[in-house]
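These notes concern the structure reproduced below.
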Amino acid sequence: MNWSYRQFKKYWVLSLVGFILVIITVIPIRIAIASYQAPHPQAILTLGGGPEREKFTAEFAQEHPHLDIWVSSGILPAQAFAIFENVDIPTNRIHLDYRAVDTVTNFTTLVDDFQQRHIQHIYLVTSDFHLPRATTIATLVLGSQGITFTPISIPSERPRESVARIIRDSGRSLLWIVSGRTGASFNPRFRPPIYASR
């Protein structure tokens, strides 16, 4: 009994190490292929977190008039559309998605949308304090699906997020890669999918 438990534990650890090695090997290859096939970003993704992100994105989008804009769980639709309309961004370029309840689901809820539109490279817009965690998750979630990104940082006064949060969400991202689940249903903010359009 004791021997078989030790054997099981040994094989479980070896399997886990093997899985991590495969992920570490495959994701950079998929990102490199995406970067080669789509060297320039094909869309803008902004992670919600305050009206300053939509305002920055509206100005940024003026410089990239051919790119559609996705905002994941940002401010209320009426406010968001007003910000974009103030700088003459057509509403048909704007996709407001409210399915995400946290940074991991910012990516997991939209990855299928990007794949359906054959988007392999995005601009990733978020605040500077949030960027390390967002890029770590994006590397795992988007990279595993053959999508690369170019990060765009919005200056803020806030301190960087803790390494513990990055490690936690890296684990959740790996869980999603394996099982398709993120654990978001345990979040009290979890709600059914919502998508805003005009």
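For clarity, every value in this text was computed on a predicted model and none was experimentally measured.
In the hydrophobic cluster analysis, where Ile, Leu, Val, Met, Phe, Trp and Tyr join through side-chain heavy atoms closer than 4.5 angstrom, Val111 is grouped together with Ile31. There is a path of hydrophobic side-chain contacts, each under 4.5 Å, that joins Val87 to Phe81. Hydrophobic clustering (side-chain heavy atoms under 4.5 Å, transitive across Ile, Leu, Val, Met, Phe, Trp, Tyr) keeps Ile166 apart from Leu124.
Between the OG1 atom of Thr136 and the CD atom of Glu161 there is a distance of 10.0 Å, given to the nearest 0.5 Å. The NE2 atom of His118 sits 9.0 Å away from atom CD of Gln116, with the distance rounded to the nearest 0.5 Å. In this structure, CG in Asp169 is found 5.0 Å from CZ in Arg133, a value given to the nearest 0.5 Å. To the nearest 0.5 Å, atom CD1 of residue Ile94 and atom CD of residue Glu54 are 10.5 Å apart. In this structure, Asp102 CG and Arg172 CZ are separated by 4.0 Å, a value rounded to the nearest 0.5 Å. In this structure, Ile33 CD1 and Gln120 CD are separated by 9.5 Å, a value rounded to the nearest 0.5 Å.
Side-chain polar atoms of Ser156 and Asp128 form a donor-acceptor pair below 3.5 angstrom. Under 3.5 Å, the side chains of Ser144 and Arg30 contain no donor-acceptor pair of N or O atoms.
Aromatic pair Trp70/Phe114: centroids less than 6.0 angstrom apart.
A heavy-atom distance below 4.5 Å is not found between the side chains of Gln79 and Pro51. No side-chain heavy atom of Trp176 sits under 4.5 Å from any side-chain heavy atom of Leu140. In this structure the side chain of Phe84 reaches within 4.5 angstrom of the side chain of Val71, judged on heavy atoms. Residues Ile27 and Ile177 have side chains in contact (heavy-atom distance under 4.5 Å, counting atoms from C-beta outward). Looking at heavy atoms from C-beta onward, Glu85 lies in side-chain contact with Thr91 at the 4.5 angstrom threshold.
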Working for side-chain contact (heavy atoms from CB on, under 4.5 Å), residues Thr46 and Tyr123:
CA-CA 8 Å; Thr46 298; Tyr123 281 116; over 6 Å; no

Using the rule given for side-chain contact (heavy atoms from CB on, under 4.5 Å), can you reason through His121 versus His40, listing the C-alpha separation, both sets of side-chain angles and the distance that settles it, and then say yes or no?
CA-CA 7 Å; His121 192 165; His40 306 291; 5.5 Å; no

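No donor-acceptor pair closer than 3.5 Å links the side chain of Thr182 to the backbone N or O of Thr105. Judged purely by atom type and a 3.5 angstrom limit, Tyr98 uses its side chain to pair as donor or acceptor with the backbone of Ile75. Looking at Arg53, its side chain does come within 3.5 Å of a backbone N or O of Leu47 through a donor-acceptor pair. In this structure a side-chain-to-backbone donor-acceptor pair under 3.5 Å is missing from Ser127 to His130.
If you run side chain to side chain contact (heavy atoms under 4.5 Å, CB included) between Ile122 and each of Leu142, Ile44, Leu110, Leu67, only Leu142 comes through.
Between Asp68 and Arg117 there is no salt bridge, since no side-chain N of the basic residue sits under 4.0 Å from a carboxylate O of the acidic one. Between Asp113 and Arg99 a salt bridge is recorded (basic side-chain N to carboxylate O distance below 4.0 Å).
Below 30°, between 30° and 60°, or above 60°: for Phe56 and Phe60 the angle between ring planes is below 30°, a parallel geometry.
For Arg160, the CZ atom is loosely surrounded, since the number of other residues' heavy atoms within 6.0 Å does not exceed 12.
The shortest non-hydrogen separation linking Thr150 to Pro41 is OG1-CG, 3.9 Å.
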